[in-house]
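The model shown is predicted, which means the values in this text are computed figures rather than measured ones.
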Amino acid sequence: SEMCIRDSFWMCSVPFPESNSLYTIYYTFMNGHFKKFKSAVQEQIPMVIKAALMLHQSVVATFRKTAINFHYEFNIRHLSGIFQGLLMAQPAQFQEPEKLVRLWIHESERIYGDRLVSGENLASYKGLTAEHLKKNFSKFNMNRFFQANNPENLIFCNFTLGLNNDRFYDQMPNDKLEHHINEALREYNDNNPVMDLVLFDDAMKHVCRITRIIASPSGHALLVGVGGSGKQSLARLSAFICGYTTFQITLSSTYNLNDLKVDLQQLYFKTGVKEEGILFILTDSQIADERFLVYINDLLSSGEIADLYTNEEKDQLVNNVRAKVKAEGKPDSRENCWNWFIDKVKSNLHLAPLLLPSR
């Protein structure tokens with residue numbers, strides 16, 4: 001019976017942390033990171049954390065999971081994603097407190113807004129953000145980003161000075177966005193098969209969104225759009241901007257799970273041993289066998305794919321990275337070397353599944 005089965009297990013319920021606990025956790029990270037910033041910027045940290053927690057509660061209450069919107073389940077992982085973005089700020093670029101607030105607005109919209117499925121939902125989300133801005137940051141005028149007609153773009157990315165200059169996370173000047181992305185497209189076309197792209201405003205914003213995701217360790221970008229909307233082209237351009245190569249499986253009538261396993265082994269070697277940055281582009285038509293999803297799920301969740309290697313193959317990989325582990329001053333035990341290898345894979349291998357929207 002159900003009772004007998006339940007009695008056979010030790011069960012642990014972990015509720016969502018209280019707001020005070022979350023505040024303490026995030027304040028510890030934020031306070032440590034922002035110690036070198038100007039005091040005026042540091043003073044905004046408590047209000048930014050408070051606003052982030054309040055907005056998260058509003059999003060959870062407003063956007064409920066349904067059979068259609070089954071991914072509307074916002075939890076502590078999403079909240080932590082916002083603070084991960086805030087921790088990318090550096091003192092040289094963030095001299096003014098208002099800019100930190102703008103970064104919070106941007107990171108929140110990337111985490112919450114980009115997951116919403118309709119214009120109506122996005123408008124509701126922006127209304128929530130504007131409401132919390134008035135409550136917590138009334139001295140800063142952010143209306144230009146929320147006005148109904150021609151709102152000003154608010155974009156942060158790591159190529160604000162162009163493709164071939166220093167990289168840091170900063171706000172992209174609106175008069176530079178088109179220039180920098182078209183420059184990247186020209187350089188891409190000079191070195192690769194030509195992509196005849198028309199980079200309208202939304203396409204450029206998508207490039208900034210994708211680069212933001214795949215620039216982070218374990219950053220994987222799910223791109224959903226109708227056929228011919230440019231998902232693959234924008235993914236390739238975004239990878240080029242990040243300095244990555246792209247990879248796609250070569251599907252044939254005989255391509256099977258073992259072939260995928262070989263491809264993944266090659267990707268892991270390049271990203272984990274050679275430390276090359278790679279964007280693995282996977283379309284829904286390339287998922288020829290549902291068992292592919294087992295490997296893909298392991299790649300997305302932990303980076304470590306069960307049964308991808310035999311023990312002998314693992315030993316060979318461990319020996320390949322042993323010198324690099326030693327060079328970092330770490331004991332070169334088998335476990336340390338393997339974990340170092342997996343960490344490099346998670347930092348350098350990024351997946352971009354390209355899917356069609358459900359009807």
J.: Do Asn121 and Tyr72 have a side chain donor and acceptor closer than 3.5 Å?
T.: yes
J.: List the steps and the verdict of salt bridge (Lys or Arg N to Asp or Glu O under 4.0 Å) for Lys344 and Glu275.
T.: CA-CA 7 Å; Lys344 290 301 178 183; Glu275 300 182 65; 3.6 Å; yes
J.: Classify the side-chain pair Tyr255/Asp263 by whether it contains a donor and acceptor separated by less than 3.5 Å.
T.: yes
J.: Other hydrophobic cluster members with Val294, side-chain heavy atoms of Ile/Leu/Val/Met/Phe/Trp/Tyr under 4.5 Å, chained?
T.: none
J.: Between Trp340 and Glu328, do the side chains contain an N or O donor and an N or O acceptor separated by less than 3.5 Å?
T.: yes
J.: Quick test of your reading: applying salt bridge (charged side-chain N to carboxylate O under 4.0 Å, His left out), list the pairs with at least one residue in residues 160-182, sequence neighbours left out, ordered by first then second residue.
T.: Lys99-Asp170
J.: Flag this pair as yes if the NZ/CZ of Lys314 is under 6.0 angstrom from the six-membered ring centre of Trp338 and inside a 45 degree cone about the axis; otherwise no.
T.: yes
J.: Answer with yes or no whether the side chains of Asn189 and Arg186 bring together a donor and an acceptor at under 3.5 Å.
T.: no
J.: Surrounding CG of Asn150 (heavy atoms of other residues, nucleotides or ligands, distance under 6.0 Å), is the total greater than 12?
T.: no
J.: Are Phe29 and Tyr26 close enough that their ring centres sit under 6.0 Å apart?
T.: no
J.: Take Arg334 and Asp315 through the test salt bridge (Lys or Arg N to Asp or Glu O under 4.0 Å) and record every step on the way to the result.
T.: CA-CA 8 Å; Arg334 187 179 191 275; Asp315 288 338; 2.8 Å; yes
J.: Scan side-chain atoms only and decide if Ser19 and Gln57 contain a donor-acceptor pair under the 3.5 Å cut-off.
T.: yes
J.: Which residue pairs pass the side-chain hydrogen bond (donor to acceptor under 3.5 Å, both in side chains) test when at least one of the two sits in residues 139-149, sequence neighbours left out?
T.: Asn141-Asn143, Arg144-Glu152
J.: Answer with yes or no after comparing the ring centroid distance for Tyr112 and His78 against a 6.0 Å cut-off, counting only values under it.
T.: no
J.: Taking only residues two or more places apart in sequence or in another chain, which ones pass side chain to side chain contact (heavy atoms under 4.5 Å, CB included) with Pro217?
T.: Ser347
J.: Sequence neighbours excluded, which residues qualify as side-chain hydrogen bond (donor to acceptor under 3.5 Å, both in side chains) partners of Gln171?
T.: Arg102
J.: Is Lys270 paired with Glu276 through a side-chain N to carboxylate O contact shorter than 4.0 Å?
T.: no
J.: So, Asn164 and Glu187: side-chain donor and acceptor under 3.5 Å apart, yes or no?
T.: yes
J.: I'd like to know if Lys346 and Glu304 make a salt bridge, using a cut-off of under 4.0 Å between side-chain N and carboxylate O.
T.: no
J.: Can a side-chain donor-acceptor contact be found between Lys38 and Gln95 if the only test is distance below 3.5 angstrom?
T.: yes
J.: Quick one: list whatever passes salt bridge (Lys or Arg N to Asp or Glu O under 4.0 Å) with Glu120, sequence neighbours left out.
T.: none
